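For reference, the structure is listed below as structure tokens.
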Number of protein chains: 2
Amino acid sequence: MYVILAYDIGEKRVNKILKLCRKYLNWIQNSVFEGEITEVKLEELKIRASKIMDEEVDSLIIFKSRQEKWLDKEIIGKERNPLERFL
Amino acid sequence: MYVILAYDIGEKRVNKILKLCRKYLNWIQNSVFEGEITEVKLEELKIRASKIMDEEVDSLIIFKSRQEKWLDKEIIGKERNPLERFL
């Protein structure tokens, strides 16, 4: 399964969420991730994220596509260096 | 065509981009939009966005799917009130 994940998280919690998401997906923009993930791993990510989030103010949106080929991606402007993902 | 658009834009230009994107798509999170749009309208949006953006630092990512049904959306935490989109 291919997912796009975008978060909007309060400053105090944002670093924790960033670190968590980077364990499961590729970081492509400030608060956006993408990648191939299994249902089980995605559930795990959601549970772990819920524990960090303040659900009154924070939000996490996940778009799922059964196949990556159904999605076409285009980037305008600065593209995050793929190497940064591993720093 | 169904698109998801996420931006990462410098503070000085972010309001202009926000206003622009709201003319074409539905605002679903801080810097994320989605919606049905034609190829022509999307091209127009991209051209107008390019004029506002500083392409050395800003970025705009667009995911396109031929059909919305190929994408499954899930929101965890606070959901933006659909009415806010029109304010």
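Throughout, a chain's letter reflects where its sequence line sits, starting with A, and its residues are numbered from 1. Bear in mind the structure is a predicted one, so any value in this text is a computation, not a measurement.
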In terms of heavy-atom contacts, Lys78(B) and Ser59(A) come closest through O-CB, 2.9 Å
Checked Ile61(A), Val32(A), Val3(A) vs chain B; the most non-hydrogen pairs under 4.5 Å come from Ile61(A)
Interface check, chain A: of Asp58(B), Val57(B), Ile4(B), most non-hydrogen pairs under 4.5 Å belong to Ile4(B)
*Verify same cluster id: Leu25(A), Leu18(A) (apolar side-chain graph, 4.5 Å)*: yes
So, the part of Leu5(A) with a heavy atom under 4.5 Å from chain B: the answer is neither
Applying a strict 4.5 Å limit to non-hydrogen atoms, the region of Asn30(A) in contact with chain B is both
Take a 6.0 Å sphere around NZ of Lys16(B) and say whether it holds more than 12 heavy atoms from other residues, nucleotides or ligands. no
Ranked by heavy-atom pairs below 4.5 Å to chain A, first place among Lys64(B), Glu55(B), Met53(B) goes to Lys64(B)
Most contact-rich option vs chain A, by heavy-atom pairs under 4.5 angstrom, among Ser31(B), Ala49(B), Ser50(B), Ala6(B), is Ala6(B)
Turns out that what part of Glu56(A) lies under 4.5 Å from chain B's heavy atoms comes down to backbone
(message) Assess the residue pair Ser65(A) and Ser65(B) against the criterion (side chain to side chain contact (heavy atoms under 4.5 Å, CB included)); give the C-alpha distance rounded to whole Å, side-chain angles, the decisive distance to 0.1 Å, and a yes or no.
(response) CA-CA 9 Å; Ser65(A) 172; Ser65(B) 173; over 6 Å; no
So OH of Tyr2(B) and CH2 of Trp70(A): to nearest 0.5 Å the spacing works out to 16.0 Å
Minimal heavy-atom distance between Glu34(B) and Phe63(A), with the atoms involved, is OE1-CE2, 3.5 Å
Closest non-hydrogen atoms of Ile76(A) and Lys46(B), given as atom of the first, atom of the second and distance, are CD1-CG, 3.4 Å
To the nearest 0.5 Å, atom CD1 of Ile62(B) lies from atom CD of Glu74(A) at 5.0 Å
So do Ile75(B) and Leu60(A) actually touch side chain to side chain, heavy atoms under 4.5 Å? no
